[in-house]
2 protein chains.
Amino acid sequence: MALNTGLLMFVAHRAMERRVLDAVAAAGFAITAAQARIFQRIGPDGTRLGELAEQAQVTKQTAGFLVDQLERAGYVERAPDPTDARARLVRIAERGRAAGEVAAGVVAEVEAEWAAHLGARRTAALRDALERLREITDPWAEGDQ
Amino acid sequence: MALNTGLLMFVAHRAMERRVLDAVAAAGFAITAAQARIFQRIGPDGTRLGELAEQAQVTKQTAGFLVDQLERAGYVERAPDPTDARARLVRIAERGRAAGEVAAGVVAEVEAEWAAHLGARRTAALRDALERLREITDPWAEGDQ
DNA sequence: CTATATCCGTCAGAGAATCTGACTATGAAC
DNA sequence: GTTCATAGTCAGATTCTCTGACGGATATAG
């Protein structure tokens, strides 16, 4: 029973996630996988809670719960949305930025390892296919830039 | 901030998972995502709890907890491992087989949709890259056949 | 301008999933 | 036949996630 394509992606995704989380934790930033899944979707100018929920594929309540934790830990802050008084923007705070930089470094490192194993051509093909796949699998595939 | 490769995989994986779970539920098989992640790793001749845990990337305790539920729901059964009295094999039971067939059908359907969107060449390249990636991301990438 | 519908986020409560640590029993290595 | 490793379980706590109900803000229709 060869693994289906979705499962193959799960395996690689988990490997990346674990590497990043371990490194971030080692750098002194305690953060859980669930928190990270929300955190990494926050845009440079802040993102609404509902959008974070949608992208991370959890309910607004769950997203709110996780943002509460991230806020208490100093990784993010909430600010009113100037364009809509109902909404609030979740923004990355100073400590969050520091953690994000560590994470980005590890992501680059892991991607480099993957590229080394696959070779340039296959790596490019993988990214190309994944990005195109996103067009039909990510209801939110637009300008989150 | 273009999405990193791991995140792109997460998105597609989630899309597949949701499709399959919804269809399986519609067919009358109530099963959660966590249960499914364990279930789909069970080999044709049964698999040890520890191996399931390792592949699904959870602790033995968590795997045991989920297998308990699957067993109570009639999807799997536990049998002693003839080769080691300490171990027990988790095997797919009749009801599990039925659910698995429904799932396999949806997986095929989703993969076909993906192939239609990507085209044959890119689809093959995706699978090829993912399978090679598994060599370095799946500590268990061997003969689970 | 008001009524109605809709959207944003939160509160409350429950259930599911996950972990760490400690334990039993079996197997393997000298 | 001790000693160390392995397979699984028990107990307890924490984290994650959901459904349902709600209050406040916006949009739309008249």
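What you are looking at is a predicted structure, and each value in this text was computed from that prediction instead of being measured. Letters A, B, ... mirror the listed sequences (proteins, then strands); counts begin at 1.
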- Message: Any side-chain N or O of B/R88 below 4.0 angstrom from OP1/OP2 of D/dT9?
- Response: yes
Below the 4.0 Å mark, does D/dC18 have OP1 or OP2 next to a side-chain nitrogen or oxygen of A/T59? yes
Checking A/R95, A/Q69, A/Q35, A/E94 against A/Y75 for side chain to side chain donor-acceptor pair (under 3.5 Å), the one that qualifies is A/R95
**Request:** Could you tell me whether the side chain of B/I31 reaches within less than 4.5 Å of the side chain of B/L70, counting heavy atoms only?
**Result:** yes
[atom1]-[atom2] distance between [X] and [Y], expressed to the nearest 0.5 angstrom:
X	Y	atom1	atom2	answer
A/R88	A/R48	CZ	CZ	13.0 Å
B/L133	A/E113	CG	CD	10.5 Å
B/N4	A/M16	CG	CE	4.5 Å
B/L66	B/T32	CG	OG1	6.5 Å
A/E135	A/T137	CD	OG1	9.0 Å

Result for 5'-nearest mapping on DNA chain D, choosing between A/A85 and A/R37, is A/R37
Heavy-atom nearest nucleotide on DNA chain D taken for B/R86 and for A/F65; more 5' hit belongs to B/R86
Discussion item. Let me check something: do A/I42 and A/L89 share a hydrophobic cluster, defined by ILVMFWY side-chain heavy atoms less than 4.5 Å apart, either directly or through other members?
Written reply: no
Give B/D84 one of three labels, base, sugar-phosphate or nothing, depending on what nucleic acid heavy atoms sit under 4.0 Å from its own.
sugar-phosphate
### Task
Remember a base hit wins even if backbone is also touched, and classify A/Q69 as base, sugar-phosphate or nothing at under 4.0 Å, heavy atoms.
sugar-phosphate
The residue, B/V58 or A/R48, whose nearest nucleotide of DNA chain C is more 5′ is A/R48
Nearest-Å distance, [atom1] ([X]) to [atom2] ([N])?
X	N	atom1	atom2	answer
B/D68	D/dT9	CG	P	7 Å
A/I31	D/dT15	CD1	C1'	14 Å
B/E17	D/dT17	CD	P	12 Å
A/L52	D/dC16	CG	C1'	17 Å
B/E54	D/dG8	CD	C1'	15 Å
B/R14	D/dT17	CZ	C1'	11 Å

Note: chain B reaches DNA chain C at heavy-atom distances under 4.0 Å over the stretch, first to last nt, 5' to 3', of C/dA17 to C/dG27
- prompt: Has the side chain of A/Q61 got a donor or acceptor that lies under 3.5 Å from a partner of the other kind on the base of D/dG20?
  reply: yes
Closest to the side chain of A/T62, out of D/dA25, D/dT17, D/dG8, is D/dT17
Per-helix bend value, the helix from C/dG9-D/dC22 to C/dC30-D/dG1, C1' rotation axes over five pairs per end, 10° rounding, shows 40°
Electrostatic pair B/R37:B/E17 at N-O distance under 4.0 angstrom
yes
- Query: Does any N or O in the side chain of A/R97 come within less than 3.5 Å of the main-chain N or O of A/I92, such that one atom is a donor and the other an acceptor?
  - Reply: yes
